[in-house]
There are 2 protein chains.
Amino acid sequence: MNDSRRPLTLRDVSEASGVSEMTVSRVLRNRGDVSAKTREKVLAAAKELGYVPNRIAGALASNRVNLVGVVIPSMANMVFPEVLTGISEVLDETDLQPVVGITNYRQDKEESVIFEMLSWRPSGLIVAGVEHSEAARRMLRASGVPVVEIMDTDGLGINHVVGISHRRAGREMAQIIAQQKYRRIGFAGTKMPLDHRARKRFEGFTLGLAKAGIEVADQEFYSGGSALLKGREMTQTLLERTPDLDFIYYSNDMIGAGGLLYCLEQGIDVPGKLGLAGFNAVELLDGLPRRLATMDACRAEIGRKAAEIVISCISDTPPTENHKIELSPKVQPGDTLIRHPENLKTD
Amino acid sequence: MNDSRRPLTLRDVSEASGVSEMTVSRVLRNRGDVSAKTREKVLAAAKELGYVPNRIAGALASNRVNLVGVVIPSMANMVFPEVLTGISEVLDETDLQPVVGITNYRQDKEESVIFEMLSWRPSGLIVAGVEHSEAARRMLRASGVPVVEIMDTDGLGINHVVGISHRRAGREMAQIIAQQKYRRIGFAGTKMPLDHRARKRFEGFTLGLAKAGIEVADQEFYSGGSALLKGREMTQTLLERTPDLDFIYYSNDMIGAGGLLYCLEQGIDVPGKLGLAGFNAVELLDGLPRRLATMDACRAEIGRKAAEIVISCISDTPPTENHKIELSPKVQPGDTLIRHPENLKTD
DNA sequence: TTGAAAGCGCTAACAA
DNA sequence: TTGTTAGCGCTTTCAA
């Protein structure tokens, strides 16, 4: 075992095994032909010493790095851990490793995180969203690294894009709500400037309502704190301020769940008197007393597809053409949206 | 801008600015004295070209890497994203960057993740838990990298340890439950082999009950699926199988929340007839109709402390002595634990 | 199947 | 304040 404080090098393994550095390197990477006997000797020596290769040197020499950068706004929102899970699942089958960077929804932080990531010359970069600072966009384009922008397909991508159209998601929800003859619609959500995708859903939503001749009757925004609690509070606020609301659309399931719990406690007839819908199809909804209507944002699937694109970019000799994959989130009506089943048409 | 596919090097910036490579390097790292005029020239050229330094080469040459490895079992359990948030908060003040690896609660995976991490010669390694394979332990010890084991202080650490004693947490909860004159205690939790900390809480819990002459009357375990839903189901199962239970201790708040919702729906008198408690003090509890009793596991604080230890190890010339920080989680009785306030003594 | 030499892009150390 | 030289620990390439 290594008792000195100096990290071991190939040379140490070479000396311990009596095999040249070059051959040791070949054995440890499973490259080229090495006789079984030499192999054994090397492997034994490496194990005995507790040798851990120096990827930094390896990467510099080979110009290859088995890292894939993943840039996301936050860990606090379960959406992103779920995307990461999808990415990990796929990368686990390869020797690629995800490296996560957090932007806290701030473009300046995103820019510096992307810069840091690119400075490691990763095999690929997966970035949440399609809105970036001009400088970030330039870096990404100039880097030569395959870039996959995820979550959102509304906008111009740099390279590859995998996600859903949040505008469309909002619009489709609006359509069903209108079909169900709800007319006094409220909206509760995050403060928009932070969250482009929530904003786009809202835009799509108002547009969809407009087509049915409806305007959003009231709205309420929050930031920070327990989403479940905020959902309660906003629901109460909305209903007190605009008592004739017959629907509330929430920008995510957590606040929607809070709203649902509130309504049930208040004995409000859901969905007869008041309809509710959220967004994301989070697992949590399974355990609530009633199923909140929602829409699956395909988080894990987006992660998996993004990872697959990176892999294909690395393996393809002819540069992979740009992908743009738009997944179709489905409305899950649950028990809080449908009061006129006869009006449920899929178009 | 860089239009060729070859990534830019210092040499490119040097040529574009007419300044030697070495001086360019100094400017870009803010090291040593450089005249304002040269600085400007270099910075302008670097920006104009869109130069992104190659940290791989830099790290190899300087033997310094601004990466801190963080090895956690999962992203799906909000506990770990929260720890990460604490780590990020602190590292954000420095030029250190967290790099996350996921083990899926598997020791073999943990071993390979640690190996990969160490191969990048990070400035520090933060690892969840104190149980690792013998090989992993050897690697960590031999690496020369400062290691901080987090979450759990029950067991032998390699180097630095920050966490809480889950045995003690379980014992303390048992004490209060006994004080409150609950006698027929049920337990619902994760399948243990996966989760050492849940197991230790359970061990401490049974020990604490034993001191009061009580045995766990019934228990139920789950794995996978929606925790909220599982909490409901397990609660129903327990209460049907052992109708005289007067308390259920849950190994985490999500299943506890599910249980609470179930009990409220069933019109069960909580905490009079049946007491409930969870573990973790997750934010979600704020939004429930009643406050579940719980215990704060100090997740963010653990993350912050761990990051601080790494930082201190890097800056200290005399090798930092080993830390062992045991935080004290506090019982938050909420509305589901106290039915004899007069018995509420803190010892 | 094995080995020797060169060099990846940067920084430490020293010289001017 | 600036420049020169050597080399970090590997892998690539080529020769044996």
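Convention: sequence-line order gives letters A, B, ...; per-chain numbering from 1.
The pair B/E134-B/R137 meets the salt-bridge criterion, since a charged nitrogen lies less than 4.0 angstrom from a carboxylate oxygen. Using a 4.0 Å cut-off between charged nitrogen and carboxylate oxygen, B/E308 and B/R304 do not count as a salt-bridge pair.
Interface remark: the B/R26 side chain does form a donor-acceptor pair with the D/dG3 base, using a distance-only criterion of under 3.5 Å.
Taking every side-chain heavy atom of A/R29 into account, D/dT11 is the closest of D/dT11, C/dT11, D/dT1. Candidate nucleotides C/dT2, C/dC10, C/dC8 were compared by shortest atom distance to the side chain of B/Y51, and C/dC10 ranks first. In the set D/dG9, D/dG3, C/dG9, D/dG3 carries the atom at the smallest distance from any side-chain atom of B/V19. Listed nucleotides D/dT2, D/dG9, C/dC10 differ in distance to B/T23; the shortest reach to its side chain belongs to D/dT2. Nearest nucleotide to the side chain of B/M22, out of D/dT12, C/dG9, D/dG3: D/dG3. With C/dG9, C/dT1, D/dG3 as the choices, the nucleotide that has an atom nearest any side-chain atom of B/S20 turns out to be D/dG3. The side chain of A/S62 has D/dT11 as its nearest neighbour among D/dT11, C/dC10, D/dT2.
Among the heavy atoms of the strands, none lies under 4.0 Å from A/N63. Within the nucleic acid shown, B/R64 comes within 4.0 Å of sugar-phosphate atoms alone, with no base atom in reach, counting heavy atoms only.
Position along DNA chain D of the nearest nucleotide to A/A57 versus B/T38 favours B/T38 as the more 5'-ward residue. Both B/A61 and A/A61 sit near DNA chain D, but only B/A61 has its closest nucleotide nearer the 5' end.
No side-chain donor-acceptor contact under 3.5 Å links A/H323 to the backbone of A/H160.
Taking the side chain as every heavy atom from C-beta outward, B/Q107 and B/E111 never approach each other to under 4.5 Å.
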